[in-house]
Each structure stands twice: as structure tokens, then as C-alpha cells.
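Heads up, the thing below is written out as C-alpha cells.
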Amino acid sequence: MSNEAPNQARVIPLRPQSVRPGTARPVSERPATTPPGKPADRQTREPLWRDLVGDVLRRERLAQERTLKDVADAARISMPYLSEVERGRKEASSEVLAAAANALGLGLGDLLSLAQGELTRHSARSRRAVPGSPYNGMCLAA
């Protein structure tokens, strides 16, 4: 062995870095367009059911001018958990959704129907943006 060899380790990647077509830099080196944990633009992605239900819960609560604490207490769920549900961060069970809906004077069916209406409106906007879409209707089972 030579005394002039550098005293550094050589790194050999186990997996090749993937490169997006048409770019010179690997995916890992590309700047993130949205911060980690933040959803992409809501207009370009399909909405998640938990986002729609959370939006409806928050809209109904604010329309009644009630606080998060008031509704959480009436529903007998924790205020932080209800906040997470409203922000679409938690996938709530049907029992939790029914309790939150009842605390707002809604039935579970009413809550799901309002969320389905939001999904229908979003789908209609998406179809207008993509002409020739093969889907003309929607079926939702909850």
C-alpha cells in the first residue's frame, strides 16, 4: 500500500439515484415545490375524503359561530383531535364523525352528504379542466 493514499472513505451507493426524465439533476437534489408534510395544490390533486369532511365540519362550526372547544365538549372528543379532523390530518372513525356532526346539529348522513357535494363540485371543476374525460358521473358509498 502506498503512503500517499488519501485517508477518506469511498462511498458506493447501494441504489442508483433516480433521475426524472428531462432533468439533469437527481430527484433528491431537486428543490421541493411544497414544504414536507404540506399537500400539493388542491386544484391539481384529487381531494382526500378526510379533507372534505374536515372542511364541512369547520365550515358548519364557523357558520354557527361556535368554538372548537364548545363543539369538542358537546361531541365528547378532545379539542386537539377535533382540530386535526377539521384540518384533514386524521382519518376519523364513523363514531367520531357522528358525534361531531350531532354536536353541530347534523346527522352523520347530513355530514357525508355535504362532503359528497364538495367532492362532486371538485370533480366537475376537474372535468372542465380536462376536456374529454370519460367519467360523467360519480357513485359514492359510505
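The distance from the CZ atom of R76 to the CD atom of E95 is 14.5 Å, given to the nearest 0.5 Å. Here the straight-line distance linking atom CG of L57 with atom CZ of R87 works out to 13.5 Å at 0.5 Å rounding. Between atom CG of residue L82 and atom CG of residue D73 there is a gap of 10.0 Å, rounded to the nearest 0.5 Å.
Ionic pairing of E84 and R89 is not present here: no N-O contact between side-chain nitrogen and carboxylate oxygen is shorter than 4.0 angstrom.
The backbone N or O of L119 lies less than 3.5 Å from a partner atom in the side chain of S123, making a donor-acceptor pair. With N102 contributing its side chain and A98 its backbone, the two residues share a donor-acceptor pair below 3.5 Å.
In terms of heavy atoms, G107 sits closest to A101 at O-CB, 3.8 Å. Residues A103 and A74 approach most closely at CB-CB, 3.7 Å, considering heavy atoms. Closest non-hydrogen pair, W49 versus A115, comes out as CH2-CB, 3.6 Å. Contact detail for R58 and S83: the closest heavy-atom pair is NH2-O, 4.4 Å.
Results of the side-chain contact (heavy atoms from CB on, under 4.5 Å) test with E60 over D110, L106, L111 single out L106 as the only residue that passes.
Side-chain contact between R50 and V85: absent, with no pair of heavy atoms (C-beta onward) separated by less than 4.5 Å. Using a 4.5 Å heavy-atom cutoff, the side chains of R59 and E118 are in contact. Annotation: side chain of E86 is in contact with side chain of L68 (closest heavy-atom distance under 4.5 Å). Side-chain contact between L104 and R66 is present, with at least one heavy-atom pair separated by less than 4.5 Å.
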